[in-house]
Number of protein chains: 2
Amino acid sequence: MAPDDALNATFAALADPTRRAILARLAQGEASVKQLAEPFAISAPAITKHLKVLERAGLITRGREAQWRPCRLHAGPLRQVADWVEEYRRFWEQRLDRLEDYLRELQAQEQRHDPQS
Amino acid sequence: MAPDDALNATFAALADPTRRAILARLAQGEASVKQLAEPFAISAPAITKHLKVLERAGLITRGREAQWRPCRLHAGPLRQVADWVEEYRRFWEQRLDRLEDYLRELQAQEQRHDPQS
DNA sequence: CTTTTAATTTACCAATTGGTTAATTAAGAG
DNA sequence: CTCTTAATTAACCAATTGGTAAATTAAAAG
């Protein structure tokens, strides 16, 4: 998978609260599909679909144990997410965005009060 | 916006390479819609739609300057993304997931070779 | 006032998404 | 062999998504 496609799939997989809850559950240890479905008011096939999305994004792997299909967290793709978002850290930490807003606002007001400059 | 909804909107906004490219461009300074559209082979309305998605996620803010509508990066929501993903850092850094895979594999093989245990 | 430029809105389309119910597969248990 | 449990597949549906072309708004420029 091209790195760009991987990020697409990962972000898309994370954009659903049910799937994020599934990952949170798996962070505490492996679980069967039924165990994963238990906290949610949706059908088993819906869970299966969510798991497929997570699997295609490489965020979980699945085993086989009798009639159960245990899911395990595979956090690897989250590293790329962390790397990607890290590029923007300075923008929220140093509040560069707010600073720019402020400077722009100042400038706009000055032009309003002093249009000939 | 509830924090959960905010994460949904942010992750969904980031799940598109065009929108990520727009954010990368805005990290270098504000830009008009036309400037943002220039690198892409898609129509202006398509860009407008992408900008609306980014705006609803709170990732950009927009000004008005004559007939231009300059966009600015607003990285605030990315902090929640960083916080969320940070919870999973130990899983990819300490390779806990791989370790579990390995142990499970070992166990499975043992059961295959030694079924009566 | 007319024209040009920037951008948005509207209306439409095909593909994807998140959900459902019903049917099917797979494996263990009586 | 039959029944039960776990899970998936298939078929379907409504809503959303990412795109288009055409029309519209907004403001500057001739």
Side-chain angles (χ1 to χ4, degrees), chain A residues 1 4-23 25-26 30-57 59-72 108 111-112 115-116, chain B residues 1 4-23 25-26 30-57 59-72 108 111-112 115-116:
Chain A
M1 187 149 44
D4 210 55
D5 293 350
L7 261 191
N8 293 349
T10 306
F11 277 127
L14 299 179
D16 184 287
T18 301
R19 288 194 291 264
R20 289 199 305 277
I22 287 174
L23 293 181
R25 167 65 186 77
L26 291 178
E30 85 168 26
S32 70
V33 175
K34 210 182 179 212
Q35 289 172 323
L36 290 174
E38 192 260 324
F40 306 106
I42 63 179
S43 65
I47 297 290
T48 293
K49 285 190 179 183
H50 282 304
L51 294 178
K52 269 196 181 144
V53 173
L54 291 169
E55 197 175 18
R56 270 197 43 230
L59 287 164
I60 64 171
T61 59
R62 326 200 48 185
R64 184 135 224 183
E65 209 157 326
Q67 69 256 225
W68 295 275
R69 309 286 292 273
C71 300
R72 296 189 291 282
Q111 290 211 343
R112 252 175 257 127
Q116 75 275 17
Chain B
M1 188 148 44
D4 209 55
D5 293 350
L7 261 191
N8 292 349
T10 306
F11 277 127
L14 298 179
D16 183 287
T18 301
R19 288 194 291 263
R20 289 199 305 277
I22 288 174
L23 293 181
R25 167 65 185 78
L26 291 178
E30 85 168 26
S32 71
V33 175
K34 214 188 176 204
Q35 288 173 322
L36 290 174
E38 191 261 323
F40 305 106
I42 61 179
S43 64
I47 297 291
T48 293
K49 283 191 180 183
H50 282 305
L51 294 178
K52 269 196 183 143
V53 172
L54 291 169
E55 196 175 19
R56 268 198 46 231
L59 287 164
I60 64 171
T61 58
R62 324 199 51 185
R64 185 137 223 182
E65 208 156 326
Q67 69 254 228
W68 295 276
R69 308 286 291 272
C71 298
R72 294 189 292 281
Q111 290 210 343
R112 253 174 255 129
Q116 76 276 19

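All values reported here derive from a predicted model rather than from experimental measurement. Labels below follow one simple rule: chain letters A, B, ... track the order of the sequence lines, proteins then strands, and each chain is numbered from 1.
- Look at CG on A:Asn8: it is 11 Å from P on C:dT17, rounded to the nearest Å.
- Applying the 4.0 Å criterion to OP1 and OP2 of D:dT8, one finds that A:Arg62 has a side-chain N or O inside that range.
- Scanning both residues, A:Ala57 and A:Ala13, for their nearest heavy atoms gives CB-CB, 4.0 Å.
- Between B:Arg69 and C:dT5, a side-chain N or O to OP1/OP2 separation shorter than 4.0 Å is absent.
- Under 4.0 angstrom from either OP1 or OP2 of D:dT8 there lies at least one side-chain N or O belonging to A:Thr48.
- Regarding A:Lys34, its NZ atom lies at a distance of 14 Å from the P atom of D:dT4, rounded to whole Å.
- For B:Arg19, the side chain to side chain donor-acceptor pair (under 3.5 Å) partners at least two apart in sequence or on another chain are B:His50.
- Rounding to the nearest 0.5 Å places CZ of A:Arg69 at 4.0 Å from CZ of A:Arg64.
- Closest heavy-atom contact between A:Pro70 and A:Glu30: CB-OE2, 3.4 Å.
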All N/O contacts under 3.5 Å from nucleotides 13-16 of chain C to the protein, with atom names and distances to one decimal?
none

Once base and sugar-phosphate atoms are separated, protein heavy atoms under 4.0 Å mark nucleotides 18-30 of chain D, 5' to 3', with B, S and - as BBBBB---SSS--
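- The only member of A:Thr10, A:Leu23, A:Leu14 that meets side chain to side chain contact (heavy atoms under 4.5 Å, CB included) when paired with A:Leu54 is A:Leu23.
- Here B:Pro17 pairs with A:Asp4, A:Asn8, B:Arg20 under the side chain to side chain contact (heavy atoms under 4.5 Å, CB included) rule; sequence neighbours left out.
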Sequence neighbours left out, cut at 3.5 Å: what donor-acceptor pairs do the side chains of residues 34-42 of chain A make with other protein atoms?
| residue | atom | partner | partner atom | Å |
| --- | --- | --- | --- | --- |
| A:Gln35 | OE1 | A:Ser32 | N | 2.9 |
| A:Gln35 | OE1 | A:Ser32 | OG | 3.4 |

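- In this entry the distance linking CG of A:Leu51 with C1' of C:dT17 reads 16 Å, nearest Å.
- For A:Leu54 and D:dT8, the CG to P distance is 12 Å, given to the nearest whole Å.
- Protein atom CD1 of A:Ile47 is 20 Å distant from nucleotide atom P of D:dT5, rounded to whole Å.
- Residues A:Leu26 and A:Ala31 come closest through the heavy atom pair CD2-N, 3.8 Å.
- The CZ-C1' distance, from A:Phe40 to C:dT20, rounds to 18 Å in whole Å.
- Taking each heavy atom of A:Arg62 and A:Val33 in turn, the nearest pair found is NH2-CG2, 3.2 Å.
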